[in-house]
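Worksheet for the structure shown next.
In what follows, every chain begins at residue 1, and chains take the letters A, B, ... in the order their sequences are listed.
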Amino acid sequence: MTLTRDPALLYGGDYNAEQWPESVWLEDARLMREAGVNLVTVGVFSWALLEPRPGCYDFGWLDRLLDLLHEHGIAVDLATATAAPPAWLVRQHPDVLPVTAEGVRLEFGSRQHFCPSSQTFREYAAELTGQLARRYAEHPAVAMWHVGNEYGDHVTECFCPRSAEDFRAWLTERYGDVDALNEAWGTTFWGQRYGDLAEVEPPRLAPAPPNPAQSLDWRRFCSDALLACYENEKAVLDDICPGLRVTTNFMGLFGALDYWQWAAHEDVVSNDAYPDPNDPEAHVAIAMSYDLMRSLRHGQPWLLLESAPSAVSWRDVNVPKPPGLRRLWSMQALAHGADGIMFFQWRASRSGAEKFHSAMLPHRGTRARGWTETVGLGADLQSLAEVTDGRSAADVAVLLDWDSWWGLELTDHPSQRLHLKEILTHWYHPLWTANLMVDFARPDADLDAYRLVLAPSLYLLPDATATTLAGYVERGGHLVVGCFSGIVDEHDRAHPGALSPQLQRCLGIEVDEWWPVADGTAVSVDCHGTPGHATTWSEWLEPTTADTWGTYASGHLDGRAAVTRNRHGAGSAWYVSCQLDRPSLAHLLERVADEADARPVLATPPAVEATLRRNDRGTYLFLLNHGESPAEVTLPAPGTDLLDRGREALHTLTLGPRQPAVLRLDDRKTCR
Amino acid sequence: MTLTRDPALLYGGDYNAEQWPESVWLEDARLMREAGVNLVTVGVFSWALLEPRPGCYDFGWLDRLLDLLHEHGIAVDLATATAAPPAWLVRQHPDVLPVTAEGVRLEFGSRQHFCPSSQTFREYAAELTGQLARRYAEHPAVAMWHVGNEYGDHVTECFCPRSAEDFRAWLTERYGDVDALNEAWGTTFWGQRYGDLAEVEPPRLAPAPPNPAQSLDWRRFCSDALLACYENEKAVLDDICPGLRVTTNFMGLFGALDYWQWAAHEDVVSNDAYPDPNDPEAHVAIAMSYDLMRSLRHGQPWLLLESAPSAVSWRDVNVPKPPGLRRLWSMQALAHGADGIMFFQWRASRSGAEKFHSAMLPHRGTRARGWTETVGLGADLQSLAEVTDGRSAADVAVLLDWDSWWGLELTDHPSQRLHLKEILTHWYHPLWTANLMVDFARPDADLDAYRLVLAPSLYLLPDATATTLAGYVERGGHLVVGCFSGIVDEHDRAHPGALSPQLQRCLGIEVDEWWPVADGTAVSVDCHGTPGHATTWSEWLEPTTADTWGTYASGHLDGRAAVTRNRHGAGSAWYVSCQLDRPSLAHLLERVADEADARPVLATPPAVEATLRRNDRGTYLFLLNHGESPAEVTLPAPGTDLLDRGREALHTLTLGPRQPAVLRLDDRKTCR
Amino acid sequence: MTLTRDPALLYGGDYNAEQWPESVWLEDARLMREAGVNLVTVGVFSWALLEPRPGCYDFGWLDRLLDLLHEHGIAVDLATATAAPPAWLVRQHPDVLPVTAEGVRLEFGSRQHFCPSSQTFREYAAELTGQLARRYAEHPAVAMWHVGNEYGDHVTECFCPRSAEDFRAWLTERYGDVDALNEAWGTTFWGQRYGDLAEVEPPRLAPAPPNPAQSLDWRRFCSDALLACYENEKAVLDDICPGLRVTTNFMGLFGALDYWQWAAHEDVVSNDAYPDPNDPEAHVAIAMSYDLMRSLRHGQPWLLLESAPSAVSWRDVNVPKPPGLRRLWSMQALAHGADGIMFFQWRASRSGAEKFHSAMLPHRGTRARGWTETVGLGADLQSLAEVTDGRSAADVAVLLDWDSWWGLELTDHPSQRLHLKEILTHWYHPLWTANLMVDFARPDADLDAYRLVLAPSLYLLPDATATTLAGYVERGGHLVVGCFSGIVDEHDRAHPGALSPQLQRCLGIEVDEWWPVADGTAVSVDCHGTPGHATTWSEWLEPTTADTWGTYASGHLDGRAAVTRNRHGAGSAWYVSCQLDRPSLAHLLERVADEADARPVLATPPAVEATLRRNDRGTYLFLLNHGESPAEVTLPAPGTDLLDRGREALHTLTLGPRQPAVLRLDDRKTCR
């Protein structure tokens, strides 16, 4: 990820220079140098300035800006500027504006106001991208391309006639003819049979629950339609300047877009992350999303392209970051594989919807507390240059599949309380606490490299994938499957027995009936002798070959199996039929990790996170104290503390509240 | 209700055979026989298969299905198949789709997507009905006709131009000219006077509260417009196959449709009931709705046409039925006059919005717990064949009037917290607990057969009806009137003094001011020496001839009358000016029932329900233990326990948790 | 405000005579006389009757009504009758109906169903107004004109094409050209630059947060568009009958309309006030709104044009007024400068959306408790005739600016929990408790007459206004500024340092960062030695020249300044950086009032309110016991109790629960 011959972490932010007179630019460039900034994102919202009238381009100001930045040694992540189509475009072509499920055409005046299937939008966007690519392909400041911006943040779907046509084309591509579609969607139910593909429309507001397979395909289509917008511009860039890397900024564990598919079309994964300082567990959930970013391109370093210096402005209540938290959370991104830390935005805006969003250079300027932290972080990153391109190895994989996510959250399920993001966070928490390094993986990936594979509520499971998973266990793998998994095939059709046959055999169970737990109530569970409880979900299990590890201890399922373990081939497969409380789940996962020989990075006090990265230059131990009290960590080996002017650390290290440390270990083999 | 010469209860469910290959049908038919199924509903959502293109019919599959069922001795409740118009119809005639009050035309893809006033829909529906009727009128499997499906479940109203035209025609029929409408609606208020009926529109979204009389007429019209859809098909059936019974499935105490009017056009009342197993008082509310079903056609046995074998799928959290509950609740329907128990649906769907709804034959097939219960219930119903066509006599009538219900729940009332369904349930609870059998009656019905008549919050009361009610009391009846009754006439115009003059005289009170009780607070009440409290509502009463039975004991009304009793002619009339807590209301109703000599079926432990049915073959005592503990019941007479292989029960019977018993009493005169 | 040569308070209500046959009118007139009514509002919703067809007028009934009223000595506040356009108008010109931000055209059938920018509406309204003015200018009953009704109660904005055009015209007037608009709105942010003013639309529903400056201008425009409707009719009246006073009824502290601007176009301020009897602090908030009414035209007496005799009908739960409360609250309006007490409405309606609203003549007629109170209040007002035209002097001014209010409540702020009405009420409460008389003032007004000026959360502060405010302090004034003040200029652009430079100097502080307090939590504050706490908001302050009076005592700001005081010129300026709890704020304001020598009317028990009015005839002390227990008040001087038949009060006066007293003091100089 480095931009230079020498290793260097990237540092900077969005630089919306056009909001300021050019006289300010020089001050900005000097302050950027002072802070150690080496990369800024330019032009994300500049379309209306770059093309003030259809086909009339004004690149003068951008020429001067890029030249100035280059003179100051600052590289540029140059946007294709298509995140906000200009007013003239939507007035001349109102069909560019997206339409809601209720038929409301959304108005110009905020951002992301384009229908993903709009051919007009795509054509104008491609033309602008071409103009920019041709003009700046060779500009020495330009280090990478930034396509669009946070695709799907506001508009994930459009219900206009053009989108409907695009959806039908997508369905034709997928199914060939209407009979196949009728079969896949099960349209005999509720008499929804189509006589012709032309009769199909998007799932607009309807009197009753929609066809779930239609809804599922709609979500697939919507992810693809936005991906087509990205590819539309990416193709132009690859054609004109094939040497430059291209990215678009993701939004962590984002439900609407299948990032596995998206990342395959990126050169670098980049990510926007806005954990809430008011959430005492924000650092756990965000660690998980960072692991996903690292996993999307198989361990390749990624870029934290946006984060908040302090408070954001779009929550109802926007709590700032107390002193030290920006630094700690920046180190956390590095700890999970990032090679750069960038912020929204460089200089606080005077106007607009984000003028109260914190910035690297606050309204109060260089007198502000925030500016001191900006300069300090720049120095930190320079101290850490040698970790660039460090990779991490994980024993544990968590399976994530957007098809299954979309399926799980369809309506008319036994319970509407299963939300995948919450479930993943719940399972991730004990892994994080144990400092077990975690990758995300697709269910159909080759999983043999992992000692332990977790499949929390993997609702949708095609037969072929189930066979792959079972094969992993047969060859000696350890698999833990969460409740309501393997229920349907790729068309949301229930498997026989409403449980994938391959999974039934692998887990050694049948499920007689799902038994959701009513809101506000819990059922007791005995986890191998330890009392616990479950909320939200339980199941009436009928083990066939599996052993019972945990049992229900109250309610109508009292005495029945709750958690089972089945030897299958050379491995073992566990099933967790309920939503266990956190300690019980931790107890279970500890037991399984032990059996699977999945080993943690290090044992640390509860609030301290530990991760490892390795490269040719060394093994780097990241220690992050997320607590408000000092914590002492026993080191696996002596090391050099890169954040503390190279001080040697021997046996233990004491971290203050919100303090990070990054140690180059002397013996790189001492810990996993 | 029996389909055969010998008495037999009906048993079965919706059989959506078209969702399965024909190879499955034979297995289904055999399993139906194994379970004792004798009736299935066929074709509810089959329009798109029966008429795949306009005017082109395909009855082959239905011919084969009906033949197969008949061969296996299974009768058919044949649907007119109009519950879900096919895609081609709404694409060729988009005006078939309904429109919301905000102007959104709802999309195809769920069900019930038709405008009730659509002439296109009605014409195509009548044509299909005619085709079916002509083809199957003589088919030996066909036992009855099932028109539409759950009218109003999703679409109770449409605001499209065609509906507006239909509304104006309905108003013209009702009022004749615009002056009468202006007078009825009180349009001088807020300057809403119409110069011409053509200026009237449905109550679409407006800036401020709508004209309440317009809203009331709109609800009347909407019920009538859907009824016209039903009658449209019924007329065809009556014409072509006059000998076959016709029904449409009701939804219990459903607010949108005036079931008194609807039932008058049915040959058999049928009902869909989905009490929530997670609601500890579900069995009380559902008992009340069953009493309504029995009352709709004056005690004639009705049919439970849909219920859930275990969990449903459309609540947020769908809790299943624990072992025994399906049996208990099925017996409860019989206890309240049903002659058949049917379920949605026979075989669990693989696809669609209800694939997670429980079924008689679950996803897990004949290995499932649910299948055992399906077979067991079939055997139970055969044991109970002799109760077929048993009737019940009630001493107590509860007045129910949809006009008044609609009026009560209009906006801009002293409190928006009076919801009739809650109020009825509140009043019904002590009656249920006391095992008093209850009929529902229209306020203008002949009530002389009842010893006690209850009128909870009978808001709308035309003068003629008030005269009828007062006459009932004068002739010796006992009447209990709940708060906020008799306020307006049929056009929602306040009576003089905001209380019907006839009712004022009958009750011997005036109401000076309504005094709603703020949310979360209560006012103390002294009920003839017993302390209690009231929530939601109280009133400043001025008794004229009435005695005070209960008084307010706190707040601004402290010391004033709360419950009054007035001797009127040969009877007595009580007024309850507040929402009493449950024990106080029970205390009052016990007192009144005693005075009126209304007698319970039997005294039982609190969780045990007791009802009676009688026919030429015997007197049948239903005992249902809704509790989770065993309960002992002292019998009124020895009897034969039909659910326990004809075991004789002498003095007492002990019922296990969720256990029902049905006794043929040896002496049919021992209890009421 | 008096209508006669002798001083007299006005008394009456809305008289919607057209809802009743003429035979009722004579009874009404006689009962009005019996109750002492001397003014009624007539014709508010009469358009459809006065102009039943386009251009055809029917004034006969109104002629007869006005004659009858005049014969009975009752004056008329005659409406222009434009509050509810007739059906024929909206059917012939559907564009009269307003359109929501989602594009829904609202339907006829309630009231206020007109687009504020509709030229059709304005033309027809002006024509009707002219007809009325010409006919009744000389009618002896007509005492004043009532234009429209509660402008903005239901429709504050319309998004139709005509409104969009009007908005663009307004913007053109304001900005001249598109470049100025782009600059003011900061449209480079999110690429919202306009190439032409014709591209601008109202802020309809959009995918993401709208441009805040556009939203701010939209609110300005909407207030102006409705004001233009008012002026449209006012101009006709002024032209035809220049001698008659004109008003339109305000709604207290109403957010959508800039009442400073509106009041400047009125001859008399009138107000509708509906405090909730169920709110135990309703009397404090309503006192504040009455102070605003008195301030709008610089102390000129105002008219309480609508209030509720007892319960209203439009809340979810409408609690009535217990005996005495109507009288007490009527006296409270007089205490704050009203010269008349009127009610909605005279006679309870039989039909329509407000038939359950209380009336001066209830449904139960003259037998009702309410009628007794109506007659009693008439007598009270006659006893108080001499207070007519009494004025009040206040030491304290609270700054109120609608621009700033609108700005404060835009989205995407550090916290969405700052609501100006709540904040003003919070600050007003200690002033009310202390019996400090309070005026409202515009921030750019001449404030030198006030000893103490409060500026709670004055978010928007143009430089010129900041200079004015600082000047007030420099000349010796005392200013208390609440948190998040002086942040932006008139275009919602952040000031340098996000705090007005003039205000920074005046307050002697800088703000490093806003630090909103999370929902449900609080931060400790030490207020000059007294412990307290803050919720919702705090700030990281950096005092420059200011002293610290209060400090944060917990959380990340522990030990930092929370409340500061800065000597500035001859005065002092305080800054309150957080939302203090009520006792702490009272403590602070007591301290500042003491320093500023702002003196209370009188010290009273906590539930007793005291105000003063003075005229040529005397000094009048209003004492209002809002408590439910008796309270003894020590008088500043002996006086005559006008409400107690002129009884002399010497040293003390004991007030029963909900009892008012109005004393003409013997020595008018004894208290402020």
message = Heavy-atom cut-off 4.5 Å, strictly under: side chain, backbone, both or neither for A:His413 against chain B?
response = both
message = So for B:Trp314, is it side chain, backbone, both, or neither that comes closer than 4.5 Å to the heavy atoms of chain A?
response = both
Interface moiety of A:Ile487 toward chain B, non-hydrogen atoms closer than 4.5 Å = side chain
ask   = Quick one: do the B:Asn16 and B:Gln345 side chains pair a donor with an acceptor below 3.5 Å?
value = yes
Polar side chain donor-acceptor pair, B:Ser313 to B:Asn318, under 3.5 angstrom = no
Pair A:Tyr459-A:Glu409, side-chain donor/acceptor within less than 3.5 Å = no
Residue B:Glu354 versus chain A: region with a heavy atom under 4.5 Å = both
key: Heavy-atom check, side chain of B:Pro323 versus side chain of B:Glu373, under 4.5 Å   = yes
query = Are A:Tyr552 and A:Ser577 linked by a side-chain donor-acceptor pair shorter than 3.5 Å?
reply = yes
inquiry  = Measuring only between side-chain heavy atoms, which start at C-beta, is A:Asp463 closer than 4.5 Å to A:His495?
reply    = yes
task = State whether B:Phe343 and B:Arg326 meet the cation-pi test: NZ (Lys) or CZ (Arg) under 6.0 Å from the six-membered ring centroid, and within 45° of the perpendicular axis.
result = yes
key: Any side-chain heavy-atom pair of A:Asp581 and A:Val525 under 4.5 Å   = no
query = Can A:Thr548 and A:Arg560 be counted as having a side-chain donor-acceptor contact under 3.5 angstrom?
reply = no
ask   = Of the listed residues (B:Pro85, B:Ser310, B:Ala81, B:Pro320), which shares the most heavy-atom pairs with chain A below a 4.5 Å separation?
value = B:Pro320
task = Counting only heavy atoms closer than 4.5 Å, note whether A:Pro209 contacts chain B via side chain, backbone, both or neither.
result = both
No-hydrogen, no-angle side-chain donor-acceptor test under 3.5 Å, A:Asn182 and A:Tyr175 = no
message = Counting only non-hydrogen atoms closer than 4.5 Å, does B:Pro52 touch chain A with its backbone (N, CA, C, O), its side chain (CB onward), both, or neither?
response = both
Contact class of A:Asp196 relative to chain B, heavy atoms under 4.5 angstrom = neither
note = Which of B:Phe114, B:Phe108, B:Trp88, B:Tyr124 passes ring pair (Phe, Tyr, Trp, His ring centres under 6.0 Å) with B:His93? Answer is B:Tyr124
ask   = Between the side chains of A:Gln214 and A:Trp218, does any donor sit under 3.5 Å from an acceptor?
value = no
message = If you count heavy-atom pairs within less than 4.5 Å of chain B, which of A:Glu510, A:Arg417, A:Glu102 leads?
response = A:Glu510
query = Relative to chain B, which segment of A:Ala213 carries a heavy atom at a distance below 4.5 Å: side chain, backbone, both, or neither?
reply = neither
note = Cut-off 4.5 Å, heavy atoms of chain A, and the answer for B:Glu18 is both
request  = For chain B, find which of A:Ala206, A:Pro207, A:Ala494, A:Ser415 contributes the most heavy-atom pairs closer than 4.5 angstrom.
outcome  = A:Pro207
ask   = Which bit of A:Val511 is near chain B, if near means a heavy-atom gap under 4.5 Å: side chain, backbone, both or neither?
value = backbone
note = Of B:His113, B:Glu107, B:Gln19, the largest count of non-hydrogen pairs under 4.5 angstrom with chain A goes to B:Glu107
request  = Give the member of B:His357, B:Lys355, B:Arg315 that has the highest number of heavy-atom pairs under 4.5 Å with chain A.
outcome  = B:Lys355
remark   = Most heavy-atom pairs under 4.5 Å with chain B, out of A:Gly555, A:Gly497, A:Gly186, belong to A:Gly497
ask   = Heavy-atom distance under 4.5 Å to chain B: side chain of A:Glu513, backbone, both or neither?
value = side chain
request  = Report the option among B:Arg91, B:Arg105, B:Arg111 that has the most heavy-atom pairs separated by less than 4.5 Å from atoms of chain A.
outcome  = B:Arg111
remark   = The interface call for A:Trp185 against chain B, heavy-atom contacts under 4.5 Å, is backbone
